[in-house]
Amino acid sequence: MLLETKNQPNLILYVTKIDDNPHHFNKLFKLRDEIEQLPQDCLNIRVDFHYCEFLGHYGVAFLGGLFRLIEARGGSVAFDWNTLPDKIRMNLAQNGFLYDFGFDRKPWDGNSIPYRNDLQQDMSAIADYLKYNWFGKDWVNISPRLQDAITGRVLEIYFNAFDHSQSAMGVFSCGQHYPKLGFLHLTVIDFGIGIPTSVRSLPQNLDKTANEALQWAFKPGNSTKQDSI
């Protein structure tokens, strides 16, 4: 990722390869920090994909949320679609990312789990999304009962995001089936305050480090909401 800031207020975001790699994830987090530090009058951004060799579903979900974050802060995002490599263009068209950002081509069924932005906590709609677009395509040979159990666990991630993130932009999802590798992946992301900040909202947790806060959050029975189960 490279955010060219020499010509403020008109910036260029060069999207580079985003793979299942900790280094690439760190680049995404760094990019978010850079965006959040920009003043509101310097948030007119043009997105260029010329240097992007591969864009995984995790990058799709993250960038979708980041672009909506820019808009929520009063900025604007313009896409240079002509710089998209053909394979990436096809995937972004198929999963609905292009359509969500104004490109005149509706998504279709394929190996992608559709790109999705849930602004509100509609668990029935999200459950259908997981049931039919994630598990409902016979990509994984498991029983309906196990499908329901896994879907229920993933729904808890959405519950937590809506209950704790304090994000006005909701939750972003995208996934991919890799038939040659035998992988079925799903990414769920929000752009809220983060788990450590939420955990530290309790007086007894004020001094916890980020790692300690995460450990606390994942212990059974711990919650920042008193009425949680």
Side-chain angles (χ1 to χ4, degrees), residues 1 3 5 18 20-43 45 56-75 77 115-130 134 148-175 185-229:
M1 287 302 148
L3 183 63
T5 60
I18 303 177
D20 187 3
N21 183 308
H23 174 65
H24 293 174
F25 295 151
N26 287 334
K27 289 197 298 183
L28 291 173
F29 300 145
K30 180 181 178 182
L31 175 62
R32 177 191 170 169
D33 290 342
E34 291 177 353
I35 293 293
E36 290 189 327
Q37 291 171 14
L38 290 173
Q40 190 170 351
D41 59 353
C42 294
L43 284 173
I45 295 178
H57 60 278
Y58 12 79
V60 174
F62 190 99
L63 291 176
L66 184 68
F67 298 151
R68 295 306 184 197
L69 174 65
I70 292 169
E71 294 173 344
R73 290 191 58 204
V77 180
Y115 168 80
R116 183 181 180 92
N117 178 199
D118 288 281
L119 294 173
Q120 298 177 343
Q121 186 170 300
D122 186 344
M123 286 303 155
S124 177
I126 297 172
D128 287 344
Y129 165 75
L130 297 174
W134 187 32
D148 290 342
I150 296 174
T151 298
R153 293 292 187 180
V154 176
L155 278 173
E156 291 182 16
I157 296 175
Y158 287 88
F159 273 120
N160 287 333
F162 283 112
D163 286 346
H164 301 288
S165 73
Q166 301 181 25
S167 171
M169 300 175 301
V171 179
F172 300 85
S173 313
C174 192
H185 289 178
L186 179 72
T187 292
V188 181
I189 186 171
D190 67 73
F191 280 72
I193 61 174
I195 293 176
T197 300
S198 179
V199 169
R200 294 187 193 115
S201 67
L202 297 179
Q204 65 268 31
N205 294 333
L206 283 175
D207 296 329
K208 288 188 181 297
T209 66
N211 285 338
E212 290 170 344
L214 288 169
Q215 292 173 4
W216 183 93
F218 287 106
K219 286 182 179 179
N222 284 348
S223 175
T224 57
K225 285 201 169 186
Q226 295 182 354
D227 57 350
S228 295
I229 298 176

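Both backbone and side-chain heavy atoms feed into the values below; hydrogens, waters and symmetry mates do not.
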Trace of the side-chain contact (heavy atoms from CB on, under 4.5 Å) decision for Ile18 with Lys27: CA-CA 9 Å; Ile18 303 177; Lys27 289 197 298 183; over 6 Å; no

Audit row: Trp134, Ile150, side-chain contact (heavy atoms from CB on, under 4.5 Å) steps and yes/no: CA-CA 11 Å; Trp134 187 32; Ile150 296 174; 3.9 Å; yes

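- Side-chain atoms of Tyr158 do not come within 3.5 Å of backbone N or O of Met123 as any donor-acceptor pair.
- Across Ser223 and Leu202, no two heavy atoms sit closer than the pair O-CD1, 3.9 Å.
- Atom CD in Glu34 sits 14.0 Å away from atom CZ in Phe29 (nearest 0.5 Å).
- Closest approach of Ala161 to Asp190, counting heavy atoms only: CB-OD2, 3.6 Å.
- Judged by distance alone, the side chain of Arg73 and the main-chain N or O of Leu38 form a donor-acceptor pair under 3.5 Å.
- More than 12 heavy atoms of other residues, nucleotides or ligands lie within 6.0 Å of CG in Asp33, so this atom counts as buried by the packing criterion.
- Here NE2 of His57 is found 7.0 Å from CG of Leu186. Values are rounded to the nearest 0.5 Å.
- Taking the ring axis of Tyr129 as reference, the NZ or CZ atom of Arg116 stays within 45° of it and closer than 6.0 Å to the ring centre.
- Ring orientation note: the planes of Tyr58 and Phe25 are nearly perpendicular, at an angle over 60° on the 30°/60° scale.
- Taking both residues in full, the closest heavy atoms of Ala213 and Pro196 are given as CB-CA, 3.7 Å, listed atom of the first, atom of the second, then distance.
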From CA spacing to verdict: side-chain contact (heavy atoms from CB on, under 4.5 Å), Ile35, Phe67: CA-CA 10 Å; Ile35 293 293; Phe67 298 151; over 6 Å; no

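- In the displayed structure, Gln204 atom CD is contacted under 6.0 Å by more than 12 heavy atoms of other residues, nucleotides or ligands.
- Across all non-hydrogen atoms, the minimal contact from Leu214 to Phe218 is O-CD1, 3.0 Å.
- A distance of 11.0 Å separates CG in Asp148 from CG in Leu130, rounded to the nearest 0.5 Å.
- With rounding to the nearest 0.5 angstrom, the OG1 atom of Thr197 is 13.5 Å from the NE2 atom of His164.
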CA sep, side-chain torsions, deciding dist, call: Thr187, Phe62, side-chain contact (heavy atoms from CB on, under 4.5 Å): CA-CA 9 Å; Thr187 292; Phe62 190 99; over 6 Å; no

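- The CD1 atom of Ile45 sits 7.0 Å away from atom CG of Leu66, with the distance rounded to the nearest 0.5 Å.
- A distance-only check finds a donor-acceptor pair linking the side chain of Arg200 to the backbone of Lys208 [under 3.5 Å].
- Of all heavy-atom pairs between Gln120 and Phe162, the closest is O-CZ, 3.2 Å.
- Distance check: Leu69 CG to Ser167 OG gives 8.0 Å after rounding to the nearest 0.5 Å.
- The side-chain heavy atoms of Asp207 and Glu212, taken from C-beta on, include no pair separated by under 4.5 Å.
- Val199 approaches Ala217 most closely through the heavy-atom pair CG2-CB, 3.9 Å.
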